[in-house]
Amino acid sequence: MSGVDSQTLEHVCNPNENTRHAILIDPADQTPDTAAKRAVAAVAAGSKMILVGGSSDTDMKNVNETVIAIQEALELVAWASSQDSDLDEKNWKVPVVLFPQGAAALSPAADAITFMMLMNSKSPRFLIEEQVAGALYIKQAQIAPLPMGYIICAPGGKAGEVGMADLIQPEDTERVSAYAVTAEYYGFKIIYLEAGSGAENPVSPDLIKAARESCNLTIVVGGGIRQGETAKIAAESGADWIITGNLTESFDNADELQKTLTDFISKMNS
Ligand code: 1GP
């Protein structure tokens with residue numbers, strides 16, 4: 001979505017009839033070229049955002065190379081569609097958004113960044129220090145900040161461990177509501193309920209419902225979602241966005257990935 005950075009917050013937060021899907025690309029798990037092919041397949045399937053980041057082993061180099069490769073690939077297909085009256089160029093205008101492990105894993109080529117507080121971290125590093133360390137860089141690079149409360153639920157995975165999260169348990173609906181309201185009072189626009197990449201159980205529907213009933217923020221849910229049916233439960237509980245990382249990264253063949261994600265998105269909103 002190069003050149004329209006200021007629109008990214010609107011794109012993410014404007015109410016949408018359907019729950020939308022985004023992929024998470026971890027630059028530590030794949031080459032920039034593979035990441036770009038997966039991003040193009042996902043957008044062709046109907047994904048509306050590409051998140052780039054990971055909990056470990058990302059740095060300025062692999063994040064930047066990955067973001068550039070994805071942006072170039074999407075620009076190329078957008079241009080090709082603009083030359084064909086049967087195709088709609090604007091379908092390819094999806095934002096590439098940093099989802100960083102910290103201030104040392106950024107890219108000026110990104111459209112936006114989830115500028116987040118890991119709200120249930122026990123470490124000041126993830127509550128505020130990494131954000132302060134990255135703020136001036138983000139401003140200078142004109143990467144649009146998406147103010148977000150990041151809330152890690154059990155089992156939490158690597159994100160929970162690295163982020164020293166005091167995990168929210170599946171029955172802890174009052175606690176998740178309190179975090180959702182706190183996020184709203186801080187002025188955040190988004191909350192991300194995270195179960196951890198590869199989680200055996202995704203965020204419980206009860207937690208999503210409790211968050212939905214407590215605040216008017218955009219709710220993103222991810223971690224352990226591999227089936228359209230699971231995504232549908234999260235969507236019906238109140239998720240505005242569903243993120244898949246592992247599912248996307250399990251395909252090397254772009255056509256197969258596109259087919260799987262098309263089916264996933266259709267089931268999610270069925
Ligand atoms: C991790 O929520 C994301 O931050 C994605 O999780 O890899 O399990 O899809 P998965």
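Counting starts at 1 for both ligands and their atoms, following the listed order.
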Those atoms of ligand 1 less than 4.0 Å from some heavy atom in [X]:
{"X": "Gly198", "result": "7 (O), 8 (O), 10 (P)"}
{"X": "Phe99", "result": "4 (O)"}
{"X": "Gly222", "result": "2 (O)"}
{"X": "Leu24", "result": "1 (C), 3 (C), 4 (O)"}
{"X": "Gly224", "result": "6 (O), 8 (O), 10 (P)"}
{"X": "Gly223", "result": "2 (O), 3 (C), 5 (C), 6 (O), 8 (O)"}

Any side-chain donor-acceptor pair under 3.5 Å between Ser81 and Trp92?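 Result is yes, a qualifying pair exists.
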Does a donor on one side chain and an acceptor on the other come within less than 3.5 Å for Gln101 and Thr58? yes
Report the part of Glu194 in contact with ligand 1, treating N, CA, C, O as backbone and CB onward as side chain, heavy atoms under 4.0 Å; options are side chain, backbone, both, neither. side chain
Is it the side chain (CB and beyond), the backbone, both or neither of Asn246 that lies under 4.0 Å from ligand 1, heavy atoms counted?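 It is both backbone and side chain that touch ligand 1.
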Are the charged groups of Lys259 and Asp255 less than 4.0 angstrom apart, N to O? no
So, are Lys158 and Asp26 salt-bridged, with charged N and O less than 4.0 Å apart? no
Stepwise side chain to side chain donor-acceptor pair (under 3.5 Å) test for Gln7 and Asp111: CA-CA 9 Å; Gln7 292 171 20; Asp111 297 301; over 6 Å; no
Applying salt bridge (charged side-chain N to carboxylate O under 4.0 Å, His left out) to Lys37 and Asp252, what does each step give before you reach the verdict? CA-CA 9 Å; Lys37 290 196 173 96; Asp252 287 327; over 6 Å; no
Out of Ala22, Ser197, Ala159, indicate the one that has the non-hydrogen atom closest to atom 10 (P) of ligand 1. Ser197
If you count the non-hydrogen atoms of other residues, nucleotides and ligands that lie under 6.0 Å from CD in Gln83, is the total more than 12?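 Buried by this count: over 12 neighbours within 6.0 Å.
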Which heavy atom of the protein is the closest neighbour of atom 3 (C) of ligand 1, given with residue, atom name and distance? Tyr192 OH, 3.4 Å
In the protein, which heavy atom is nearest to atom 9 (O) of ligand 1, and how far is it?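 Of the protein heavy atoms, Gly245 N, 2.8 Å lies nearest.
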Would one find an N or O of Ala199, backbone or side chain, under 3.5 Å from an N or O of ligand 1? no
Once you measure the plane-to-plane angle for Tyr150 and Phe99, does it fall in the parallel (<30°), tilted (30-60°) or perpendicular (>60°) bin? perpendicular
Point-to-point distance, once rounded to the nearest 0.5 Å, from CD1 of Ile168 to CG of Leu193: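 Taking CD1 in Ile168 and CG in Leu193, the distance rounds to 8.0 Å.
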Heavy-atom contact check, 4.0 Å cutoff: does Thr244 meet ligand 1?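 It does; at least one heavy atom falls under 4.0 Å.
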